[in-house]
Amino acid sequence: MRLKHIEISGFKSFAKKATLSFTAPVTCVVGPNGSGKSNVVESFRFVLGEQSMKSMRGKSGADLIFKGGSTAPKVSRAAVSITFDNADKVFAFNPTDDANKAPVLFEEVTFTRELYPDGTSRYLMNGTEIRLKQMVELLSSVNIGTSSHHIISQGEADGILRASARDRREMLEDALGLKVYHFRIKESENKLGKAMETLKEVQSLRRELAPHLNFLKKQVEKVEKGRAIREELEGLLVQYLATERAMLNEEDNRLAQANNLITNKKQQLEEVLATIPEQTAHDHTAAERSELSAQLQVIREKRRATESRISRLEGMVEAQRQMLIAQSKQHTHTAKAVVFAAEEYRTLLSDIELLLRNIREAQSLDTIRALLGRFETLVAQLKAREEKEAAPVETAPLDTGIKDTAIELEGLERDLKALIAQEDKTQRRLQAAEQARDAAMMAHQDATRKRYELISEVKQCEAELQILAASKTTFVERKELFDTELKESGFLFGPSFLHTLQATQPVPEFDLHTQKRAIDRLKIRLDEHAGIGNEVVTEYESTVERDAFLAREVTDIEASIRNLETLIIDLKRILDEQFTNGVKVINERFGDFFKTMFGGGSAFLSITLEKKRKRKNMDEEVGAEGEDPEQSEGEEFERGIEVHVNLPEKKVKELNMLSGGERSLVSIALLFAISQVNPPPFLVLDETDAALDEANSRRYGDMIELLAEYSQLIVVTHNRETMSRASVLYGVTLGTDGGSKLLSIKFDEAVKVAK
Ligand code: ATP
């Protein structure tokens, strides 16, 4: 890594392009006062990204642009380019900041800064615009830091002694190449801060989401419960309706069949009933029977009168017979015969008498008829006897009376016989009439009974039909309920429900009543779970997803926070270790240089803990200091660097009690020591030797040569001794146009110019 040249154009007093080439280890810039030497030094600061106008002696950007001279016009921009030989590839440029991509390695690297009157700057690397940050990082990697310890301006030689302990620490860190850790710490802390903020935001989002999520969860549970109820209801309804449908069909058939059956039966009964006339109990035989009874009465009376007459006549016969017997006793010749005849006669008569009595008392016609036979025989015998006796026996006068009586008796007996026959006939006719009446009565009763039976059966049919009608009404109501239920189910579950129902068989042993109650209960429960749309589920799912995403975010952010915290701790630890080690090394060099410069004595740096300064904002605080991580919380402390000197043969130890020259020597010794640890590619020294006497100038010159072994030196000086150590000399002159000019000169010329 070697500094090749610097080109100055339009910067401060350099109106036209001026180039300084650094071909030797030590380059001196000489010139009269006000020629623009310090402007050259500032052009280094400028091109390396200096942001402080003050350190370039300006108030605004316009102050750094050539304002015009006596004849030279002002220019519209200032531009300075610095070129390094990058053959050793120290500058490794990564334009995308992507660590995985191979960096661009140029043979030669030129950084350019352009400044415009409005104060804006452009930074370029090999002609390509880059960000200031990228340039600063690249320069840091080669120990060219922004604290510019390698550019010592005029009057700034003892700046390091005047600086605060904290600023000294920054200079050291810069020189030790530790700035990169600060950048990384700052970057990590920024990331950490952002991560913390994001974490808070995400956690807050999650907290905000939680009640909504909870609400949605409950809603979804309700929806799921509703869905389960719905499924249960659907299953139950399918079974219920399938069974009910079958039952209704069965009932419909049963009712239709029963109705047909009973209607037919009724019709048949009515037809039969129509064939049985409605009769009034009518007795056709009453007149006949009455007449026959009357006739029978008359006949019987006649018969009794006849019998009575017969009886009386028989008595008369008996009496006459007795008289005859008595008469016979008076008439002997005829007595015997008469007695005998009378005896025989008497027996006959007594038999007849007995027979007549029997006839009278007889109860049945047959007996009467039988007795009448016997009576006819006895009467015939009596007649024959009487004829036989009449011949030999002279009829007594008395015989005439008996004969008449017998004749009358005979007539009466004929009458009696006729009467008995008539009675018998009449009796039989009466009996037939009565039988006819009884038969008619019986027929009437039978018909009436049959009618009653039929009417009763018809009534029974009607009652049954009424029951059927009531059943039909119940059936119709049940069917309507079924239809309503079916319609509702179709509406509730859609057409698929009806297809399912179509294919579902009735469930045997299904308790319709109990299941209907269960269905109604489920419907009420479903109603309680209704009103929540499926969009809730979608919203819940997306909310759960969002919450899970946020939870993952939290986990990721927490992990990255832990990583960043660990990284920051590690970086700070490394920074601390390297700083402590660096200070140790610097101390060794510092001690040596100090002894060289003062011809004895000792000097060293100590690390102190300083109270932290109040910062305006985070950005300034972060990355600009190497605070102790253990001290970063609670008490605000930061590291500082204190300079301790022991001058030979002097007891003075306070820096502010040193002379100007002594201060310069200490500063130079320290600056050179710092430069030795991580030598920068170049050192720019603007009249750091101004306060040295001749002896010290020589020592200074020796040190310049020593340092030149590690870094290229660009030295602005009026000092002859210093000039004598340079291989290349540039003279700066102020041209007639008012602009600075650079020209390579020889030592003698330089001495002249310097004077
Ligand atoms: P000395 O030896 O006295 O320190 P020097 O050589 O270091 O002097 P500089 O300080 O570099 O001189 O230059 C100062 C000169 O630059 C002044 O003359 C000043 O007018 C001139 N100058 C500064 N800024 C501008 C500018 N923007 N435009 C023109 N000239 C400028």
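One-based numbering, in listed order, for ligands and for the atoms of each.
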>> I need the nearest protein heavy-atom contact for atom 23 (C) of ligand 1: residue, atom name and distance, please.
In response: N39 ND2, 4.1 Å

> Should D158 and R162 count as an ion pair when the cut-off is N to O under 4.0 Å?
Replying inline: yes

> Sequence neighbours excluded, which residues qualify as side-chain hydrogen bond (donor to acceptor under 3.5 Å, both in side chains) partners of E129?
Replying inline: R122

> Nearest protein heavy atom to atom 19 (C) of ligand 1: under 4.0 Å?
Replying inline: no

>> List ligand 1 atoms under 4.0 Å from F66, heavy atoms only on the residue side.
In response: 28 (N), 29 (C)

> Going by the order shown, which atoms of ligand 1 are within less than 4.0 Å of some heavy atom of I65?
Replying inline: 27 (N)

>> Quick one about T608 and R169 (side-chain donor to acceptor, distance below 3.5 Å, no hydrogens or angles considered), yes or no?
In response: no

> Hey, does L734 come in under 3.5 Å of ligand 1, counting only N/O atoms on both sides?
Replying inline: no

>> I'd like to check which ligand 1 atoms, numbered from 1 as shown, lie under 4.0 Å from a non-hydrogen atom of S38.
In response: 7 (O), 10 (O), 11 (O)

> Quick one: do the D118 and T120 side chains pair a donor with an acceptor below 3.5 Å?
Replying inline: yes

>> If we check side chain to side chain donor-acceptor pair (under 3.5 Å) with E173, which of these qualifies: K179, H182, R168?
In response: H182

> For atom 14 (C) of ligand 1, which of S13, S43, G34 has the closest heavy atom?
Replying inline: G34

> Does the pair H150 and F682 meet the rule for a ring-ring contact (aromatic ring centres under 6.0 Å, His included), with working shown?
Replying inline: CA-CA 7 Å; H150 53 288; F682 60 90; 5.7 Å; yes

>> So is L64 touching ligand 1 or not, going by heavy atoms under 4.0 Å?
In response: no

>> If the contact criterion is a heavy-atom separation under 4.0 Å, does H718 count as touching ligand 1?
In response: yes

> What are the two closest non-hydrogen atoms of T580 and I607, and how far apart are they?
Replying inline: CA-CD1, 4.1 Å

> Nearest protein heavy atom to atom 10 (O) of ligand 1, by residue and atom, and its distance?
Replying inline: R57 NH1, 3.0 Å

>> Tell me whether the rings of F91 and F111 are parallel (<30°), tilted (30 to 60°) or perpendicular (>60°).
In response: perpendicular

> Can you tell me the protein heavy atom closest to atom 1 (P) of ligand 1 and the distance?
Replying inline: N33 ND2, 3.3 Å

> Taking the non-hydrogen atoms of G739, is any one of them nearer than 4.0 angstrom to ligand 1?
Replying inline: no

>> Looking only at protein heavy atoms, which one is nearest to atom 25 (C) of ligand 1, and what is the separation?
In response: K12 C, 3.8 Å

